[in-house]
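Beneath this line is the structure, given in structure tokens, with notes to follow.
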Amino acid sequence: MSEVQGSGPGAEGSPAKPSMRDALISAAFELFLARGFEQTTIDDIVQLAGVGRRSFFRYFPSKEEVVFPDHERCLAEMTAFLQEGSGEEEPVARVCEAARLVMRMYAADPSFSVQRYQLTRSVPGLRHHELSVVWRYERTLADYLRQRFADWSDGSLRADVIAAAVVAAHNNALRTWLRSGGQGDVVARMDHALEFVQSSWGVGAEASDADGRESEDVVVLIAKRRTPMWRVVRNIEATLGED
């Protein structure tokens, strides 16, 4: 989350001064946790940060956006990652790797991520805002998959389902980690969740033909024209190994 402007400390041996953006985020969360989100105004935030209102809106279009300061950057990185592919990558593995970019954003600052989780759970408006952000991630994954599955008869459906599955796997690993207070290996949790998606939809999943239809076994039975139907049925059942 943190971004520090400048190339080093302002004075020898002293820590670098936080950027104005970071100062606004820090001030906002200090007030949100102390007073509550709804009770905190933008004027309160800029006063504590020691900057003007115009400085706030230079970085954040709304009070809600300061709670999710890195999502726009992360969404841009995800989009670029998907667009930079050669088109030869296995598509499900590619979107799973894109989802890992989002998880790394959370894992980079566990304390902040846990604070944000606690805040969004208690403020319905923030929860709705978060859901809109998640939807944008899912749409980005689905758009990529629709291009990769363009020649499949069920390509659009497949893209939407896989994108939703990737987001659900990501959220399952993330929320489990956040509920624990940011303890444990969130990367391992994420890998386990995404392995489930890949085993269901990626390479190694049940084979499908080029039209997107699941392949089926074909049984050919040769019988004389006057063979009783009950015998034909019994022969088929014996061939399929059914009782």
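What you see is a predicted model, and the numbers here were worked out from it, not measured in a lab.
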| said: Between Glu30 and Ala28 (side chain of the first, backbone of the second, donor and acceptor by atom type, cut-off under 3.5 Å), is there such a pair? | reply: no
| said: Test your reading of the model: is there a side-chain donor-acceptor pair from Asp154 to the backbone of Leu157, 3.5 Å cut-off? | reply: no
| request: Indicate yes or no: at least one non-hydrogen side-chain atom of Arg139 is less than 4.5 angstrom from one of Leu141. | output: no
| Are Trp177 and Ser113 close enough that some pair of their side-chain heavy atoms sits under 4.5 Å apart? | yes
| task | Establish, yes or no, whether a centroid distance under 6.0 Å links the rings of His170 and Tyr137. | result | no
| request: Please indicate whether Phe196 has more than 12 foreign heavy atoms, meaning atoms of other residues, nucleotides or ligands, lying under 6.0 Å from its CZ. | output: no
| query | Can you tell if the side chain of Asp143 reaches within under 4.5 Å of the side chain of Thr140, non-hydrogen atoms only? | reply | no
| Residues two or more places apart in sequence or in another chain: which of them pass side chain to side chain contact (heavy atoms under 4.5 Å, CB included) with Arg58? | Met20, Ser55
| Rounded to the nearest 0.5 Å, how far does OG of Ser200 lie from CD1 of Ile162? | 9.5 Å
| Considering all heavy atoms, the nearest Val166-Ala99 contact | CG1-CB, 3.6 Å
| query | With a 4.5 Å heavy-atom cut-off, do Gln118 and Leu178 have their side chains touching? | reply | no
| remark: What one should report as the nearest heavy-atom pair of Val95 and Val92 is CG2-O, 3.1 Å
| request: Could you tell me whether the side chain of Tyr106 reaches within less than 4.5 Å of the side chain of Val186, counting heavy atoms only? | output: no
| task | Using a 4.5 Å cut-off on heavy atoms from C-beta on, say whether the side chain of Cys74 contacts that of Met78. | result | no
| Can you name the residues that form a side chain to side chain contact (heavy atoms under 4.5 Å, CB included) with Asn172, not counting sequence neighbours? | Thr176
| said: Nearest 0.5 angstrom please: Phe60 CZ to Ile25 CD1, how far? | reply: 4.0 Å
| Around atom CD of Gln47, are there more than 12 heavy atoms of other residues, nucleotides or ligands at under 6.0 Å? | no
| query | Considering all heavy atoms of both residues, which atom of Gly85 and which atom of Glu89 are nearest to each other, and what is their separation? | reply | CA-OE2, 3.2 Å
| said: Counting only heavy atoms from other residues, nucleotides and ligands, does the tally under 6.0 Å from CZ of Arg53 exceed 12? | reply: yes
| field | Mutual orientation of the aromatic rings belonging to Phe149 and Trp152 [parallel < 30°, tilted 30-60°, perpendicular > 60°] | value | perpendicular
| field | Derivation of the ring-ring contact (aromatic ring centres under 6.0 Å, His included) call for Phe29 and Phe112 | value | CA-CA 9 Å; Phe29 268 81; Phe112 179 81; 4.7 Å; yes
| field | Nearest non-hydrogen partners of Ile45 and Leu24, listed with the distance | value | CG2-O, 3.8 Å
| query | Of the non-hydrogen atoms in Pro69 and Arg21, which two are nearest, and what is the gap between them? | reply | O-NH2, 2.5 Å
| Hey, are the side chains of Gln39 and Leu31 touching, using non-hydrogen atoms and a 4.5 Å cut-off? | no
| field | Reported NZ-to-CG distance for the pair Lys63 and Leu126, which is rounded to 0.5 angstrom | value | 8.5 Å
| At what distance, to the nearest 0.5 angstrom, does CD of Glu64 lie from OG1 of Thr120? | 12.5 Å
| said: Looking at Glu97 and Arg94, is any side-chain nitrogen of the basic one under 4.0 Å from a carboxylate oxygen of the acidic one? | reply: no
| said: Using a strict threshold of under 4.0 Å (side-chain N to carboxylate O), is an ion pair present between Glu77 and Arg73? | reply: yes
| task | Could you pull out the closest heavy-atom pair between Ala163 and Leu145, with the gap in Å? | result | N-CD1, 3.9 Å
| Think Arg116 forms a cation-pi with Phe32, using NZ or CZ under 6.0 Å from the six-ring centre and within 45 degrees of its axis? | no
| Does any donor atom in the side chain of Arg175 or Tyr117 lie under 3.5 Å from an acceptor atom in the other side chain? | no
